[in-house]
Amino acid sequence: MGEKKKKIIKTIKVDVDLCNGCRACEVICSAFHAEPKYSSNNPARSRIRVIRDPLKDVYVPVYAGEYTASECMGRDKYTIDGKEYDECAFCRASCPSRDLFKEPDSGLPLKCDMCESDPDLEEPLCVQWCITDALTYEEREEEVEEELEQEEMEIGLEALADKFGLDKIMDTVARMSVKD
Amino acid sequence: MRYAETGFNLEIDLTRGNIERVETDPRDTELYLGGLGTNAKILWDRVPPEVEPFSPDNLLIFSAGLLCGTPATGCNRTIVSTISPQTELMAFSMMGGFWAPELKYAGYDKVVLRGKSPNLIYLWINNDKVEIRDASHLQGKGAIETAELIQDELNEPKAQVAAIGLAGENRVYFASIEQGRSSASRLGVGAVMGDKGIKAIAVRGTKDINVAQPAEFMELCNEVLEYIKFRNENPIPGVMTILQGLGSPQEMATHDEKWHTENFMWGNSRVRRRDFWNEEIAKEWKETMESMQTRLISCYNCPMKCGATITPTGQPTYMMKCFSKLTYTMAAMSDLEFGFKIAGLAQEYGVDGYSTPQVMAFALELYENGILTDDDFPGMPSDNEGRFYWLLDRIVRREGIGDVLANGTYWAAKEIGKGAKEYAHNTIKKHEQLPLKLSMLNPVYFLMYSTGEKINITQIEGQFPQAPYPKREHREAFVKDWFQVPDEKFKQYFLDWEPRGENSNPYYPTVQMSCDIVDWQERMHYIDDALGMCSGLSSFPLKPPYHMHNYPKFISAGAGIEMDEDKLTQAAKRYRTLVRAINIRRGMRRADEKPPEDHWKKRFPELEKELLDTYYKFKGWNNDGIPAKESLHELGLDYVAEDFVQRGILTDSEDAPSKETSAETEKK
């Protein structure tokens, strides 16, 4: 077990009641992450998307989170304040069930990095560009238990295990060692 | 590589069902910028004056502005251009919303439509894949309903849809194109869309839009955003609430309607109700607004919340913008609840929120005065509001008297005869105007009403205060941080403008000053319309974030076209003149350029003549309003001059005054 350590948690607070649905967050996110920086923009590449259904008054800014190889077994629906939301409206995953959070050309997953840059930005740009304050930024300190650092090969193997299962990897390793 | 623009147009021949992706000439972008500018060039080149609005040879162009799809805040407008069935002149109605940026991301700057489809269709533009799809199942559906049905059947909730309702299908002369949050409403662009057999255009795009100088461009964008924040926190003192801030007039956020209800005219632009507003009404209307409104909403990439989602009791939700809040209410002499209810219906039918209520009030005025009789209104309810619903239904279906009224007050009066003309009293160039009747002639507004070719006052006014401030110290305070002026002289014009006395309307601002002021105001609108910028952040409000000094930089850094203030002024003048040339070629003359007779009570024929004479000269037009050869040459529009000479509009030797004709007399 690792030791306790202090860590800054970067938090974007989302107030869906204040969202005006303009998607400025998508514009600036995709511009910031363009190569070279700001040279282009394309909301389809954005790591934040506003899930919107104006006539039903649904406006949910969602950030790209982890990639997931498989979609959920079923779908749930939430009703909040009389409005029905698809469960996916709150989900951050780049997942096979939808085209959200994937590079439109390659299909590679996208993930919010809180506008990581050198020097650090004061706030992520989506927050800076949301002057209606649906998005605000907060940093808070949390004590977390630090995990033991994995070795590089272990990380790689874990990904393979996720994809093919541990048995298959062991089979393959066994087969490869026989060949040698 | 092309910057800001994609460099490609979609050319669609609806008669043959042919679709082509055509590369555009970057030199045209440099000369005419984009949006309205390049639309005008296409219409000049490809639609000769003989072409009737409902001819297959008329074009219907949906264009994104040059900077749409870049991160420039508020740059989201679609400029729809065609020949208007109502004015028979060039129409360039615009809509905000989300459609234009989506078109850019799909890889196109414009959709140019020609011919006519034999059946009702819709277009599905999905990046490189463009389809003409059957829309027979959408026939008669509401415009908003259509958008939802299309998103469902394409399984693409992110598609942006511009659609017409029943009014467009039936070629109502004031039919709009609706796009959820926004609409291109004026001058009957929806009728042309219906005539071409297009129910809707759905777009989805996932490509990049590039800018030429990323760091410079972002700095400009950030400055604009900072200034918007500043202006939101610092409303302008001394003017009415709706003019204090940025954006379209904040009708959805404003409860106090004293000014509109007591200064604008009710009914068929007839009755002024000076003591209308009281506490009781204020309370009632506030309750209506609060019970029906769910959220204030914006267009693409814009923090201003100029629209709102409205759910009238027992009716589907719709998105309302700006002044349609009051147009139906006031035409029917009714209340806000009625206004919200009928506006929702009208939006599904797809009709213009200015013309429609006025046409209905006009019909009822004819009825009250015996020009139209019970025979014309079989089955019409007897209650006032019921009549408006009944009339709206007849008009969008073109049934009975509705078929006549569907052509607008000008054409309807002509058809009805029996002195009906006197009741079609509020049009300019055959198009219904804001219901505003005033006392003292204002020289600046006289020129704008007369010569504006967008034919709506809100689409030419702005920047310069509408009225003088009573005290000099207030005027001094106003000009202190007025850096948007293109020239320092405008500050002096305003400083010396008094409510009464020598320096007041109608002789002040002087004729020359009036020319300068109108020219500046109009120029900003034309630049917005080429770039795709919402006038709510630029040409319309006082002290906007976009202005003559930062626009050239936006164009340089965004589109990579070397630009400065002179070059931009020249470009705007070029396509502004081209718009006029198109209209002149279609018969528009000086005789057509006049505000409604009763717009002001106090008129000054001599002064008005001097104003128009001087302004024409100032613009480089001859005394009949025709751009002169010399000024056409200066603008690189020799091809226009040649055409004018060939058609006998100008003579070969000089800028001769051509014979006194007008669209009005020619089209008898």
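None of the values given here were measured: they were computed from a predicted structure. We name chains A, B, ... by the order of the sequence lines, and we start the count at 1 in each one.
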Residue among B:Pro71, B:Ala212, B:Pro316 with most heavy-atom pairs under 4.5 Å to chain A: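 Most pairs with chain A among the choices: B:Pro71.
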Below 4.5 Å from any heavy atom of chain B, which atoms of [X] appear? Answer side chain, backbone, both or neither.
X: A:Ala44; value: side chain
X: A:Arg98; value: neither
X: A:Ser39; value: both

What part of [X] gets closer than 4.5 Å to chain A, counting heavy atoms only: side chain, backbone, both or neither?
X: B:Ile297; answer: both
X: B:Tyr300; answer: both
X: B:Thr206; answer: both
X: B:Thr311; answer: neither
X: B:Glu102; answer: side chain
X: B:Pro157; answer: neither
X: B:Lys158; answer: side chain
X: B:Phe217; answer: neither

A:Ile28 vs B:Met218, side chain to side chain contact (heavy atoms under 4.5 Å, CB included): CA-CA, chis, key distance, verdict: CA-CA 9 Å; A:Ile28 192 61; B:Met218 283 318 296; 3.3 Å; yes
Do the non-hydrogen side-chain atoms of [X] and [Y] ever get within less than 4.5 Å of each other?
X: B:Glu148; Y: A:Leu55; answer: yes
X: A:Tyr38; Y: B:Gln213; answer: no
X: A:Lys56; Y: B:Thr317; answer: no

Distance, nearest 0.5 Å, that separates CG of A:Asn42 from CD1 of B:Ile209: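 Between atom CG of A:Asn42 and atom CD1 of B:Ile209 there are 8.5 Å.
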Derivation of the side chain to side chain contact (heavy atoms under 4.5 Å, CB included) call for B:Leu225 and A:Ile131: CA-CA 8 Å; B:Leu225 214 52; A:Ile131 69 172; 4.3 Å; yes
Neighbour count above 12 (heavy atom, 6.0 Å) for A:Lys10 NZ: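 Enclosed: over 12 neighbouring heavy atoms sit under 6.0 Å from NZ of A:Lys10.
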Partner chain B: residue of A:Gly21, A:Pro43, A:Pro36 with the largest heavy-atom pair count (under 4.5 Å):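 Maximum pair count with chain B is reached by A:Pro43.
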Residues of residues 76-86 of chain A within contact distance of chain B, non-hydrogen under 4.5 Å: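 The residues closer than 4.5 Å to chain B, in numerical order, are A:Lys83.
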